[in-house]
Amino acid sequence: MKGTLAATLFVTIGLSATVCAQAKSGNAQSSATSRRYINLPNRPVQAPFSDGVVVGQTLYIAGRIGVDPKTGKPPEDVEQEIRILLEGFKSVVSEAGMVMDDLVFVQVFCPDLSLYDKFNTAYKSYFGKDYPARAFIGSGPLLRGGHFEMNGIAVKR
């Protein structure tokens, strides 16, 4: 047991020293840790977060609601709100050089679960054959009176 612990510590310390030496000399792979922030130009709401962050080949997409850019509020028509939400999501994905089919995980928050089928009707039209893993979560009220908020993760193929 003592020998195994000592070997583990030696390997861990040796690995840490190697990583530190690579980072110091500039040989470490920076693409895995470099970040690119995505912020769409005509964002109707200025808030302290980015629309998305790309790390390596992975895009993390902030929660989005279907806000009309002219009014700053969700439209009265729920189906139009869904389209605005999905188009905004698609814009963030596109700005990162990806497509909707690169999404691997999505969360949708909705205070009214009776809107599940309406959401799915529009949502399905944004994908090819396969869909990302998804959670559709009943929630409390959403910002600005939205009926849906969606966030997700995409990985470039």
Side-chain angles (χ1 to χ4, degrees), residues 15-16 19-20 22-157:
L15 180 59
S16 295
V19 170
C20 288
Q22 287 177 341
K24 196 172 190 178
S25 68
N27 291 334
Q29 287 185 341
S30 63
S31 65
T33 57
S34 67
R35 296 178 184 176
R36 182 165 58 101
Y37 295 88
I38 307 291
N39 290 297
L40 299 179
N42 296 321
R43 199 154 97 166
V45 176
Q46 297 304 315
F49 61 87
S50 296
D51 292 316
V53 179
V54 179
V55 180
Q57 297 295 311
T58 304
L59 168 64
Y60 300 89
I61 306 159
R64 296 192 66 84
I65 54 178
V67 174
D68 182 333
K70 293 175 186 161
T71 66
K73 298 177 182 177
E76 295 292 323
D77 180 12
V78 172
E79 290 170 358
Q80 185 180 5
E81 178 184 350
I82 296 167
R83 292 279 177 204
I84 291 171
L85 165 65
L86 292 169
E87 285 298 320
F89 216 78
K90 185 177 176 181
S91 294
V92 174
V93 170
S94 178
E95 187 70 25
M98 298 183 194
V99 296
M100 292 291 278
D101 285 328
D102 288 329
L103 285 164
V104 295
F105 179 72
V106 171
Q107 281 184 315
V108 181
F109 298 91
C110 178
D112 182 356
L113 294 178
S114 70
L115 298 173
Y116 180 77
D117 290 333
K118 278 188 181 183
F119 184 84
N120 282 339
T121 299
Y123 178 84
K124 289 188 288 190
S125 70
Y126 281 79
F127 298 95
K129 177 183 157 197
D130 298 313
Y131 303 105
R134 186 182 91 180
F136 194 94
I137 302 164
S139 70
L142 298 174
L143 289 173
R144 306 198 184 283
H147 293 95
F148 307 94
E149 181 169 349
M150 188 165 98
N151 65 42
I153 301 170
V155 178
K156 189 168 182 126
R157 295 175 193 221

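All residue numbers in this chain count up from 1 along the given sequence.
In this structure the side chain of I153 reaches within 4.5 angstrom of the side chain of T58, judged on heavy atoms. Residues M100 and L103 meet the side-chain proximity criterion, which asks for heavy atoms closer than 4.5 Å. Considering only heavy atoms from C-beta on, D112 stays 4.5 Å or farther from K118 through its side chain. In this structure, R64 and D51 have side chains that are in contact, with non-hydrogen atoms separated by less than 4.5 Å. Residues R83 and S125 are in side-chain contact: their nearest non-hydrogen atoms beyond the backbone lie under 4.5 Å apart. Contact of the F136 side chain with the M150 side chain is not registered, since no non-hydrogen atoms from C-beta on lie closer than 4.5 Å. In this structure, the side chains of Y60 and N151 stay at 4.5 Å or more apart for every pair of heavy atoms.
In this pair, Y131 and F127 present their aromatic rings perpendicular. The plane angle is above 60°, beyond the 30 to 60° band.
Listed for the K73 side chain is no donor-acceptor partner under 3.5 Å among the backbone atoms of G145. A donor-acceptor distance shorter than 3.5 angstrom exists from the side chain of E81 to the backbone of H147, with no hydrogens or angles considered.
I38 CD1 to I61 CD1: the interatomic distance, rounded to the nearest 0.5 Å, is 9.5 Å.
With 3.5 Å as the limit, one finds no donor-acceptor pair spanning the side chains of T71 and R144.
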